[in-house]
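Only heavy atoms go into these numbers, but all of them, side chains included; no hydrogens, no water, no symmetry mates.
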Amino acid sequence: MLHRPNTSTDTASRSHEWYKSATRWTQLTFAEDDPEKYDPEFWIDVFRRTKSNALCLSAGGYIAYYPSEIPLHYVSKFIGSTDPFGTIVEGARKLGMHVMARVDPHAIHADAAQAHPEWVAINKDGSPREHWAFPGIYVTDALGSYNRDFTTDVIREIVLKYDIDAVFANRWQGHGVSYSEDNQRRFKDETGFDLPLKPDASDPAWQAWAAWRRRILTELVVYWDETVKGIRPHASFIPNMSGSSLMEFDLSLIQKHCPILFVDHQARQGVEVGWSAGRNGKRIRATFRDRPVGLITSIGPEEEYRWKDSVQSGEEIKLWIHDGMAQGLFPWFTKFNACVPDDRWVQPVVEAFNLHADIEPHIDGMQPTAEIAIIDPSTTLRHWAPEERHIAEQNDLGFYHALVEARIPFEFVSDQVMTAETLDRFKLIILANAAYLSDEQCSAIEAYVQRGGSVVAAYETSLYDQVGKPRTDFGLANVFGAHLTSSTRGPVKNTYIALSGTHPINIGYDGAARIIGGTHLLAVNAEQAADTPFLYVPDFPDLPMEEVYPRQEPTGAAVVARDTGYGGRVVYIPFNLGEVYWKVLAPDHGRLIANAVNWAFGEDHRVRIDGKGIIDIAIYEKDDALVVFLVNLTNPMMMKGPLREVYPIGAQTLSVALPKGKRSAVAKMLVKGQECTCRIVGDRVEVEVPSVEAMETVHLTWHS
């Protein structure tokens, strides 16, 4: 058995850059009865087998798993004279692992709620908010004194008692609006509004509440981080960011106080694609390109009905870790309940983590690279309630999926950081539906175009300012080469767009005079110099069936395409193309997105991959080396998990433009551990990858 912890507070051996070597994480979340049942040696063995170099472990908050001395801090009734938190901390430290203590302040027991009713979130009717899943306990008010005072005391006690590198808070941001008297007074005094009664992105009171909440939560992160550093200067407080793109926080303060970040998107849910794991990496990188980010992966399913103490299929676990790894997220797996009645998850996690350990040295110091970026529309999304934000993201999801299917490598850039330096890393940017943009953001995009950049945009992009006030014309009208003549209408059914003339954007539709249109449409006038490869087909009935035919000829621009005169190109599509593609997956819409991007890009892509199947691509570069990840998504369960088995795909041809001054390359497949044959074809190098099972990673070294 392991011994009691070494509670020395000596931090001389702890580096301020500890997080840089914390690249494979095990998270163990205790259940209350674990202290008298679990086997700590089992977990130490898991740490070894997975080559984990960091640990996140339940410490306190709702339940303490150490002998806390704080009044009303509920200590597990099964703890006895033991210290389960301290025991595992010591075992991890003996293996040279970093340790982060997990606190969960989202709920309290009835005695604490009775003693401090101000700690409890309040419903609209004035009643205390009882927990939705476990009656008899209460949801805390994240914006009040519970977090500011009580949780701070818990954090301080843990950091004083134990040799840890960080504190991690889970479910600390609150669950909906708390209508406490204190919140109502503070909000009214600061904003002049009453607390909003429902989420509504167009409601000024809701927008004010979202900004007010964002400020308080950011200040809380800073306060907790300063509390931790006041005791252990090398250590940090790290908030759980969920799956957001950091839109919830003041970025300057997060940059200063959070040296490492984590995405809590643990698995696929319902109809979700495997690339969703990697998308999280791109979104965080869209704001903080160089900041290390981990992807929290559950060994169980992540469904509406929870089943948190169950086991996911092994291939599904590995898919999630692989795709996150490919897009720059280091792996973190989480197990709820330290007792293990079903250990089928262990070997898949071992395999995925060991693969990461093998590949990690080859990508160390490399930077992700791409020629195209999707603009992450944080200014728009932050006005939506977190639980409804997925609705506003559907246009972005559709464009994302179309680019994956078209094998077009791309990154994300947050609209919060659209500096010239950031934008100029890309030859083309995509605004799938950045509806809310400030005048300054529009100016940044217009200046990017004037510097030679290209743009693909759709739907209501720039139609509103940063707080949702509608404009009479697009903020980017000069970029689009199109002007609004009629505001959005819809939903409409049975709409079509007709091919108009011959243009690279409408190629590939041989035999078709028209294709499916959108469900929400804007009317625009295209400038004279612009092309209109598609026109709207005027509405006609969808029933009775005898009436389903067009009455008028196509008219009005459904796609606007133009050369900017600065060396770039712009395509604007005035309907909800991304949303409809995400919902319907009509191949004509996928082709339209790919055609628009390829035409606007205007030249051959630096990296191409030809072959059968659907793959998620990521590219990294450093000095004389380039790495390309190919994650195999080809599977009948691609959009509905869990995967039962991997369906290998056949030969893939990787073609990369030779860098200036380079004449040849040496290539190796890191997963198979085999050399590849390279051949020079013109100014490009081609590499044959014979097959791809779950994932392959090709490492190229350039030679003069």
Side-chain angles (χ1 to χ4, degrees), residues 24-29 31 46 49-50 52 133 242-243 262-282 294-327 329-337 339-356 390 393 397 400-401 404-405 582-583 585 613-618 629-649 671 691-696:
R24 284 178 296 282
W25 287 74
T26 292
Q27 179 187 344
L28 174 55
T29 304
V46 167
R49 292 178 62 193
T50 58
S52 293
S242 302
F262 302 95
V263 173
D264 191 2
H265 186 184
Q266 296 181 18
R268 295 198 288 168
Q269 184 178 47
V271 180
E272 191 171 356
V273 194
W275 52 246
S276 297
R279 179 174 181 259
N280 288 302
K282 289 184 178 181
L295 174 66
I296 303 176
T297 301
S298 176
I299 58 91
E302 187 70 11
E303 295 291 350
E304 176 186 356
Y305 301 102
R306 302 287 286 169
W307 299 307
K308 298 305 294 183
D309 198 21
S310 61
V311 174
Q312 184 65 277
S313 75
E315 295 303 334
E316 181 71 20
I317 293 171
K318 289 192 288 185
L319 167 68
W320 203 246
I321 295 173
H322 289 161
D323 198 69
M325 182 195 317
Q327 300 295 351
L329 296 163
F330 55 77
W332 161 322
F333 84 90
T334 180
K335 172 68 174 72
F336 300 92
N337 194 328
C339 298
V340 184
D342 185 343
D343 68 359
R344 289 176 292 174
W345 57 270
V346 176
Q347 187 57 32
V349 172
V350 167
E351 292 174 7
F353 272 47
N354 277 262
L355 179 59
H356 179 267
H390 65 282
E393 290 186 277
L397 291 169
Y400 195 113
H401 192 67
V404 170
E405 282 201 88
W582 181 243
K583 289 181 176 179
L585 288 177
I614 298 176
I615 55 175
D616 196 11
I617 302 168
F629 282 84
L630 296 80
V631 181
N632 179 15
L633 301 177
T634 310
N635 198 287
M637 300 295 181
M638 181 180 75
M639 298 190 73
K640 179 64 177 176
L643 264 65
R644 271 56 165 171
E645 60 180 312
V646 169
Y647 284 60
I649 55 176
V671 177
S691 65
V692 179
E693 294 193 23
M695 181 177 74
E696 190 52 82

Open item on the list: Could you tell me if the side chain of L355 sits less than 4.5 Å from the side chain of V671, heavy atoms only?
Closed with: yes
Open item on the list: Under a 4.0 Å threshold between the charged nitrogen and the carboxylate oxygen, would D323 count as salt-bridged to K318?
Closed with: no
TODO: Identify the heavy atoms of G281 and L329 that sit nearest to each other, and give their distance.
DONE: N-CD1, 3.4 Å
Open item on the list: Filter on side chain to side chain donor-acceptor pair (under 3.5 Å), then keep only pairs touching residues 635-649, sequence neighbours left out; what's left?
Closed with: none
Open item on the list: Here's a test for you: under side-chain contact (heavy atoms from CB on, under 4.5 Å), which of I299, T29, D264 qualifies with T334?
Closed with: T29
Open item on the list: Can you list everything that forms a side-chain contact (heavy atoms from CB on, under 4.5 Å) with T634? Sequence neighbours excluded, please.
Closed with: I614, N632, I649
Task: Side-chain heavy atoms of M325 within contact of M695, under 4.5 Å - done: yes
Task: Between H401 and W275: side-chain donor-acceptor atoms closer than 3.5 Å - done: yes
Open item on the list: Taking the side chain as everything from C-beta on, heavy atoms only, tell me whether Q266 gets closer than 4.5 Å to W320.
Closed with: no
Open item on the list: Could you check whether any side-chain heavy atom of P301 comes within less than 4.5 Å of a side-chain heavy atom of P642, counting everything from C-beta outward?
Closed with: no
Task: Reference residue W345; test ring pair (Phe, Tyr, Trp, His ring centres under 6.0 Å); the match among F333, F353, F336 - done: F333
Task: Pairwise distance CD(Q327) to CD1(I617) - rounded to 0.5 angstrom - done: 9.5 Å
TODO: State plainly whether the residues R279 and E393 are in salt-bridge range, i.e. N to O under 4.0 Å.
DONE: yes
Open item on the list: Once rounded to the nearest 0.5 Å, what's the spacing between atom CG of L397 and atom NZ of K583?
Closed with: 11.5 Å
Task: Inter-residue atom distance Q27.CD - S298.OG, 0.5 Å rounding - done: 9.5 Å
Open item on the list: Give me the atom names and distance for the closest heavy-atom approach of L585 to M639.
Closed with: CD1-SD, 3.6 Å
TODO: Please say whether more than 12 non-hydrogen atoms of neighbouring residues, nucleotides or ligands are located less than 6.0 Å from CD in E693.
DONE: no
- [ ] Verify side-chain contact (heavy atoms from CB on, under 4.5 Å) between T50 and V346, making sure each step is shown before the conclusion.
- [x] CA-CA 9 Å; T50 58; V346 176; 5.9 Å; no
Task: The single option from E302, E316, E303 passing side chain to side chain donor-acceptor pair (under 3.5 Å) against R268 - done: E316
- [ ] Hey, could you give me the OG1/CH2 distance between T26 and W332, rounded to the nearest 0.5 Å?
- [x] 10.0 Å
Task: Test item: D616 side-chain N/O and F629 main-chain N/O as donor-acceptor pair under 3.5 Å - done: no
Task: 4.5 Å side-chain heavy-atom contact, I615 and V692 - done: no
TODO: Flag the pair D309 / K335 as yes when at least one side-chain heavy-atom distance between them is below 4.5 Å, and no otherwise.
DONE: yes
Task: Shortest non-hydrogen separation from L295 to A277 and the atoms involved - done: CD2-CB, 3.7 Å
Task: Least distance between heavy atoms, V350 atom then N354 atom - done: O-ND2, 2.6 Å
TODO: Please round to the nearest 0.5 Å and tell me the distance separating atom NZ of K308 and atom CG of N337.
DONE: 12.5 Å
Task: Name of the residue among T297, L643, I317 meeting side-chain contact (heavy atoms from CB on, under 4.5 Å) with Q312 - done: I317
